[in-house]
Number of protein chains: 2
Amino acid sequence: MDLRRLRYFVAVAEARSIGKAAERLRMAQPPLSVQIRKLEAEIGAPLFRRGTRGMDLTEAGQALLARASEALALAVDGAEAARAVASGRRGRLSVGYMFVLANAVLPRLIPELRRSVPGVDLEFAELSATTREARVLDRGVTVALCMPAINHPEIQVARIGAQPFMLVMPTSSPLARLGPVPMARLHGRPLIALPHPDHGPASSAVVPLLRRHQVVMPIASRVETVHSAMSLVLAGEGLAILPACAQLGAPRGIVFRPLRDVTDSLDIAVCWRRDSQSPLIKTFLKCAEKAVARL
Amino acid sequence: MDLRRLRYFVAVAEARSIGKAAERLRMAQPPLSVQIRKLEAEIGAPLFRRGTRGMDLTEAGQALLARASEALALAVDGAEAARAVASGRRGRLSVGYMFVLANAVLPRLIPELRRSVPGVDLEFAELSATTREARVLDRGVTVALCMPAINHPEIQVARIGAQPFMLVMPTSSPLARLGPVPMARLHGRPLIALPHPDHGPASSAVVPLLRRHQVVMPIASRVETVHSAMSLVLAGEGLAILPACAQLGAPRGIVFRPLRDVTDSLDIAVCWRRDSQSPLIKTFLKCAEKAVARL
DNA sequence: CCAACCCATACGTTTTCGGTATGCCAATGG
DNA sequence: CCATTGGCATACCGAAAACGTATGGGTTGG
């Protein structure tokens, strides 16, 4: 069962004549006649009534015609769909994001994406610090919006922005009355720590910052998300040092203050499998840069 | 875009390996590899990710796979459908019937047909004496249930029964009190005549009968259907001589009586185009014979 | 470091397809 | 009534495509 034969068959059925169909197919009449007879032999039944004034479909031919033209359309549509996906006009883009960035970035990013790639099915998935690397590697997500970037040889990273660290405390804290808080004022206070993804669960993203200023903060709790961190801060468990953008998701009763003479920041990055050939990645990158531009 | 390539593609996609797919397709691995690459060249995009442990569909490949397997299924289904129609397991059978036979034959015929050819779309169309020949020739109906048979070189006829002529009159007629009516009693009475289809509108189907018995009946009216004839008989316009089966459709106030010493009858016949290759005709013939058997 | 596995490439053989030439049949027209 | 025309079928040849065998290259696992 050859698709070419079906194409020929449909052409003959529509032209009601082998000669006319051959002309439209830009081929000679005899080989077309041969192909039609071969198709009939393959089916095992005549598909046309040969009249003296052309060809006419038998009922068996009509039954075949309906399916054949549909199959034909599906085949070309399949090819076109594959091309569309390969070119990025259609397809699926699964976006992973870390919760810190959700409030700050997604409201700008999602509409921008929908405008840029209207034919693409978008899917969003929250990533945790512990699973984000695996989700990128196993293609659970096409791209990941991370802070900080993933560090892995198979994963490509594009830095699209950064967020300075800020001090996070309850509104009632005496430090909240200050403007930029001197690092020295933090010495000895309990810290709600987020581990740095690259350095294991016992680490903290702000260890280098504290060490540089010779400030020691005992770690009161270790949490996975900025949200948890802010909850514990609100509960009076301690202070946190979080990227500025977390402020957008902060509950009532929490304030953010800059740290005086501190320029440390966490990178915002787009990460994807180095061997991913999805053409949507560069489009996504543009959208993400735009969304992060004036944070 | 070749259906073979699509078949190969689907096989490789399902086996997730060229080697395995080649085995299932009973061919060597290299040509299959070549065909897949040719398909990718035709599409213009890679359809598989080549890993060291086999092949894996890209998103473009997934988009193609859905359509390709559907197209494949449609192609084989089309072939199967054509075979089914050619063999008579499926298809359409358009049955033409003349009104005289409707009441007597259809109630038996239709259930019998539906049982015999359950996959076939049945269609019934009433035929008039003037158009029945044309409807068979132009394939408006596949078969025609006629009385009498159609007489035409292109039309094949199978006689499946006959109906004797009977005298039709109002219940109030004095002749209705007799048993078999002697032909001589009809002499001079007005006749409601049905034209014989073969002999033009000015003929009558009972001319030979009357002539043989040397009976003359002036023609009061010419009508097209037995129904009209009976209406006029009821209205007192004259007598009619109709095939016995018309009795089943007779209105109240009409009686049928046999004619003494008369064995003339009208054939019931199935008629179809001699060049029609519908396998349903012989099945229909069996059903029609059964339906007519004990009229 | 070698063996196993899997895909890609190369080349010769075979199948199949398309083109040209021609025959056959029926309908049409003088 | 014969010639012409229009349409499909058959025969043969050259070209293209596909298949099989042999072989190379890269990665995984022992």
Side-chain angles (χ1 to χ4, degrees), chain A residues 1-43 45-58 60-61 72 75 79 137-138 153-154 273-275 277, chain B residues 1-43 45-58 60-61 68 72 75 137-138 153-154 273-275 277:
Chain A
M1 179 55 70
D2 185 352
L3 203 56
R4 166 178 20 197
R5 293 229 176 98
L6 291 185
R7 196 190 319 283
Y8 289 175
F9 166 72
V10 171
V12 172
E14 286 176 353
R16 306 169 64 88
S17 149
I18 292 187
K20 301 285 198 312
E23 198 171 334
R24 195 191 308 176
L25 292 168
R26 304 185 184 281
M27 65 187 290
Q29 170 262 320
L32 184 54
S33 173
V34 170
Q35 292 303 321
I36 295 297
R37 296 197 87 80
K38 283 189 178 172
L39 181 60
E40 289 179 317
E42 188 179 340
I43 300 286
L47 300 170
F48 291 98
R49 255 185 297 275
R50 271 83 170 166
T52 166
R53 275 284 164 238
M55 315 269 285
D56 209 359
L57 280 175
T58 61
L72 231 56
L137 288 175
D138 70 9
E154 278 300 306
R273 264 191 82 111
R274 203 173 284 280
D275 66 358
Q277 54 224 349
Chain B
M1 179 55 70
D2 185 352
L3 203 56
R4 166 178 20 201
R5 292 226 178 100
L6 291 184
R7 195 190 319 282
Y8 289 176
F9 166 73
V10 170
V12 172
E14 285 176 354
R16 306 169 64 88
S17 150
I18 292 186
K20 300 285 199 314
E23 199 172 334
R24 195 194 307 178
L25 292 168
R26 304 184 184 283
M27 66 187 290
Q29 170 262 320
L32 184 53
S33 173
V34 170
Q35 292 304 320
I36 295 297
R37 296 196 87 81
K38 282 189 179 172
L39 181 60
E40 288 178 318
E42 188 180 338
I43 300 287
L47 300 170
F48 291 98
R49 257 185 296 277
R50 270 83 170 166
T52 166
R53 275 282 166 241
M55 315 271 283
D56 210 1
L57 280 175
T58 62
L72 230 56
L137 288 175
D138 69 9
E154 279 299 307
R273 264 191 82 113
R274 202 173 285 279
D275 65 358
Q277 54 223 351

Measure [atom1]/[X] against [atom2]/[N] and give the value in whole Å, please.
X	N	atom1	atom2	value
E154(A)	dT27(D)	CD	P	12 Å
R5(B)	dT16(C)	CZ	C1'	14 Å
D56(B)	dC7(C)	CG	C1'	15 Å
L32(A)	dG7(D)	CG	P	14 Å
L25(A)	dG19(C)	CG	P	10 Å
E42(B)	dA18(D)	CD	P	10 Å
E23(B)	dC5(C)	CD	P	12 Å
L3(B)	dC17(C)	CG	C1'	17 Å

Would you find a donor on one side and an acceptor on the other, under 3.5 Å apart, between the side chain of [X] and the backbone of [Y]?
X	Y	answer
R49(B)	M55(B)	no
R273(A)	L137(A)	yes
E40(B)	F48(B)	yes
R274(B)	P153(B)	yes

Within the sub-3.5 Å range, which N or O atoms of nucleotides 8-11 of chain D have a protein N or O partner, and how far apart are they?
| from | atom 1 | to | atom 2 | distance (Å) |
| --- | --- | --- | --- | --- |
| dC8(D) | OP1 | I18(A) | N | 2.9 |
| dC8(D) | OP2 | G19(A) | N | 3.0 |
| dA9(D) | OP1 | R37(A) | NH1 | 2.2 |
| dA9(D) | OP1 | R50(A) | NE | 2.5 |
| dA9(D) | OP1 | R50(A) | NH2 | 3.1 |
| dA9(D) | OP2 | S33(A) | OG | 2.5 |
| dA9(D) | N7 | Q29(A) | NE2 | 3.2 |
| dA9(D) | N6 | Q29(A) | OE1 | 3.4 |

Fill in: side chain to side chain donor-acceptor pair (under 3.5 Å) partners for E42(A), two or more places apart
R5(A)

Discussion item. With heavy-atom distances below 4.5 Å as the criterion, would you say the side chains of V12(B) and L32(B) are in contact?
Written reply: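 Yes, side chains in contact.
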
Worksheet item: Between K38(B) and dA18(D), is there a side-chain N or O to OP1/OP2 distance below 4.0 Å?
Response: yes

Worksheet item: So what does F48(B) touch, heavy atoms closer than 4.0 Å: a base, only the sugar-phosphate, or nothing?
Response: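 No contact at all - F48(B) keeps every heavy atom at 4.0 Å or more from the nucleic acid.
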
